[in-house]
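Letters A, B, ... mirror the listed sequences (proteins, then strands); counts begin at 1.
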Amino acid sequence: MPDKSTREEFFPEVYEIVKQIPFGKVLTYGGVARLAGRPQYSRMVGQAMFNAPADLHLPCHRVVNHKGGIAPNWPEQKELLIEEGVTFKKNGCVDMKKHRWNTELLLE
DNA sequence: AAATTGACGGTTA
DNA sequence: GTAACCGCCAATT
């Protein structure tokens, strides 16, 4: 059988990880990529989110970039995080120092 | 087939 | 601490 596109194998993996993000926590695209086993696929994670259907109940609003900022053209993500108790810095970036999910602790 | 783009990360200046 | 550049992978034009 022909090798499946990277999407077919990477996307579902990303969805599983994002769904495992605890309440009131945030994770960077690179963090999700690393848990997925592809630390360099940070971009694909973003593409996965954009392609992520709402049917999966995917808390993509808990996924932010390493700048602590949110996705372009999606300002409501910030509101959703605030609603979960996440604190934003003055420049509009999430306080990664406190809300970044301890992914390295789970890698064992 | 080649070049460009994209919800990014990390390092260097 | 902030700014800029390079590097990564896949999809699209």
Side-chain angles (χ1 to χ4, degrees):
Chain A
M1 60 192 242
D3 33 323
K4 298 178 178 179
S5 302
T6 311
R7 279 174 79 162
E8 296 294 308
E9 303 210 353
F10 186 66
F11 275 38
E13 227 174 323
V14 172
Y15 300 145
E16 286 294 294
I17 294 164
V18 173
K19 285 195 296 190
Q20 289 169 51
I21 300 177
F23 181 89
K25 289 274 187 168
V26 296
L27 196 62
T28 64
Y29 293 98
V32 177
R34 182 158 65 174
L35 293 175
R38 269 71 187 185
Q40 309 305 99
Y41 278 50
S42 46
R43 283 186 138 95
M44 300 295 90
V45 176
Q47 295 297 69
M49 294 294 99
F50 188 79
N51 279 272
D55 302 344
L56 300 175
H57 300 125
L58 200 60
C60 37
H61 61 268
R62 289 185 189 146
V63 184
V64 296
N65 57 29
H66 76 136
K67 289 180 280 192
I70 59 179
N73 274 117
W74 192 24
E76 72 178 86
Q77 178 183 17
K78 180 178 166 185
E79 300 298 301
L80 290 168
L81 289 171
I82 294 172
E83 205 173 329
E84 296 205 353
V86 177
T87 58
F88 273 72
K89 295 173 87 171
K90 188 175 183 182
N91 67 336
C93 295
V94 181
D95 195 335
M96 309 294 288
K97 183 80 172 176
K98 297 173 182 175
H99 294 295
R100 195 177 182 211
W101 190 29
N102 306 326
T103 58
E104 304 190 32
L105 198 68
L106 302 172
L107 292 174
E108 300 185 22

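Atoms CZ (F11(A)) and P (dA7(B)) sit 12 Å apart, rounded to a whole Å. The CZ atom of R38(A) sits 14 Å away from the C1' atom of dA10(C) (whole-angstrom rounding). Here the C1' atom of nucleotide dA7(B) and the CZ atom of F10(A) are 13 Å apart, to the nearest Å. Nucleotide dC8(C) holds its P atom 8 Å from the CD atom of Q40(A), rounded to whole Å. Rounded to whole Å, atom C1' of dA10(C) lies 10 Å from atom CZ of R43(A). Between the P atom of dG1(C) and the NZ atom of K89(A) lies a distance of 8 Å, rounded to the nearest Å. Note: CG (N65(A)) to P (dC8(C)) measures 20 Å, nearest angstrom. In this structure, the CG atom of N51(A) is 15 Å from the P atom of dA10(C), given to the nearest Å.
Contact annotation: Y41(A) side-chain N/O to dA10(C) OP1/OP2 distance is under 4.0 Å. Here T6(A) reaches the OP1 or OP2 of dA10(C): one of its side-chain N or O atoms lies under 4.0 Å away.
Both I17(A) and M44(A) belong to a common hydrophobic cluster when Ile, Leu, Val, Met, Phe, Trp and Tyr are linked at side-chain heavy-atom distances under 4.5 angstrom. Under a hydrophobic-cluster definition in which Ile, Leu, Val, Met, Phe, Trp and Tyr are linked whenever side-chain heavy atoms come within less than 4.5 Å, directly or via other members, F11(A) and L27(A) are assigned to the same cluster.
Summarising the geometry of Q77(A) relative to A71(A), their closest heavy-atom pair is OE1-N, 3.2 Å, with the distance given to 0.1 Å.
Taking the side chain as every heavy atom from C-beta outward, Y15(A) and Q20(A) never approach each other to under 4.5 Å.
Between N91(A) and M44(A), the residue anchored closer to the 5' end of DNA chain C is N91(A), taking for each the nucleotide with the nearest heavy atom. Residue-to-nucleotide proximity on DNA chain C shows that, of S42(A) and Q47(A), the 5′-proximal contact is made by S42(A).
Each of dA11(C), dA7(B), dG9(B) was ranked by its minimum atom distance to the side chain of R7(A); first place goes to dA11(C).
Contacts of F50(A) with the nucleic acid, taken as non-hydrogen atoms under 4.0 Å apart, include base atoms.
With respect to H61(A), the side-chain contact (heavy atoms from CB on, under 4.5 Å) criterion is satisfied by exactly one of V86(A), L80(A), I21(A), I70(A): L80(A).
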